[in-house]
Amino acid sequence: MGIRLSDELFEKILAGSKTVEVFLNDEQMKHFGVGDTLAIHRKSKDDDYVLTSVWSIKKCRTVDEIYQKFSATAIGLTPTELSRLYPPAVVKQHGLLAIKIKRLKPNFD
């Protein structure tokens with residue numbers, strides 16, 4: 001599976017400070033599991049990517065619940081920023097997945 005992140009969030013993963021990625025718990029994520037590899041691409045340059053491994057997946061019902069389990073530094077966004085990405089009505093319908101990741105290797109090292 002691959003995703004594209006802003007350059008700022010991509011750099012936080014490279015630096016090792018962003019260790020949690022958040023997704024809607026929707027149909028697309030149904031078959032995603034611990035041990036899977038996630039390719040994270042830099043939004044401004046899709047050829048730059050880093051491979052990560054999924055270490056754990058926590059189901060959460062609200063944005064606040066994610067921040068009870070993980071720090072804003074680990075998520076790379078403030079609660080307000082995350083709420084803009086995932087409005088409460090959408091979160092209420094699907095829930096969220098907080099996916100703990102470990103950096104494996106960027107393609108450009």
Looking at [atom1] of [X] and [atom2] of [Y], how far apart are the two atoms once the value is rounded to the nearest 0.5 Å?
X: Lys100; Y: Trp55; atom1: NZ; atom2: CH2; value: 10.0 Å
X: Lys59; Y: Arg61; atom1: NZ; atom2: CZ; value: 11.0 Å
X: Ile13; Y: Leu9; atom1: CD1; atom2: CG; value: 7.0 Å

Residues two or more places apart in sequence or in another chain: which of them pass side-chain contact (heavy atoms from CB on, under 4.5 Å) with [X]?
X: Ile57; answer: Phe32, Val34, Val54, Leu97, Ile99
X: Ser17; answer: Lys12, Thr73
X: Asp64; answer: Thr62

Kindly give the heavy-atom pair with the smallest separation between Phe70 and Ala98, and that separation in Å.
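Looking at all heavy atoms of both residues, the closest pair is CE1-CB, 3.6 Å.
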
Nearest heavy-atom pair of Pro79 and Val63: which atoms, and what distance?
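Of all heavy-atom pairs spanning Pro79 and Val63, the closest is O-CG1, 4.0 Å.
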
Taking only Lys NZ, Arg NE, NH1 and NH2, and the carboxylate oxygens of Asp or Glu, determine whether Arg4 and Asp46 approach each other closer than 4.0 Å.
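Salt bridge between Arg4 and Asp46, a charged N being under 4.0 Å from a carboxylate O: yes.
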
Identify whether the distance between the nearest side-chain nitrogen and carboxylate oxygen of Arg42 and Glu11 falls below 4.0 Å.
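Yes.
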
Could you note down all residue pairs passing salt bridge (charged side-chain N to carboxylate O under 4.0 Å, His left out) where residues 70-91 supplies at least one of them, sequence neighbours left out?
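Sorted result for residues 70-91: empty, none.
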
Which pairs count as salt bridge (charged side-chain N to carboxylate O under 4.0 Å, His left out) when at least one residue sits in residues 68-80, sequence neighbours excluded?
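Residue pairs with at least one partner in residues 68-80: Glu65-Lys69.
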
Is any side-chain heavy atom of [X] closer than 4.5 Å to a side-chain heavy atom of [Y]?
X: Ser53; Y: Leu104; result: yes
X: Ile66; Y: Leu96; result: yes
X: Asp48; Y: Phe10; result: yes

Is a side-chain donor or acceptor of Asp36 paired with a backbone partner of Gly33 at a separation under 3.5 angstrom?
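Yes, the answer is positive, given that a donor and an acceptor are paired below the 3.5 Å cut-off.
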
Is a donor on one side and an acceptor on the other found under 3.5 Å between the side chain of Lys18 and the backbone of Ile75?
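Flag set: sc Lys18 to bb Ile75 pair under 3.5 Å.
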
Given the rule in the side-chain contact (heavy atoms from CB on, under 4.5 Å) test, do Leu51 and Leu38 qualify, once you have shown the distances and angles that lead to the verdict?
CA-CA 6 Å; Leu51 294 178; Leu38 179 63; over 6 Å; no

Kindly list each side-chain donor-acceptor pair under 3.5 angstrom involving residues 86-94, sequence neighbours excluded, with atom names and distances?
residue : atom : partner : partner atom : Å
Tyr86   : OH   : Val22   : O            : 3.0

With a 4.5 Å cut-off on side-chain heavy-atom distances among I, L, V, M, F, W and Y, is there a chain of contacts connecting Leu5 to Leu85?
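Yes, Leu5 and Leu85 fall within the same hydrophobic cluster.
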
Establish whether Ile3 and Val20 are linked, either directly or via other cluster members, by ILVMFWY side-chain heavy-atom contacts under 4.5 Å.
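Yes; tracing contacts between hydrophobic side chains, which count when under 4.5 Å, links both residues.
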
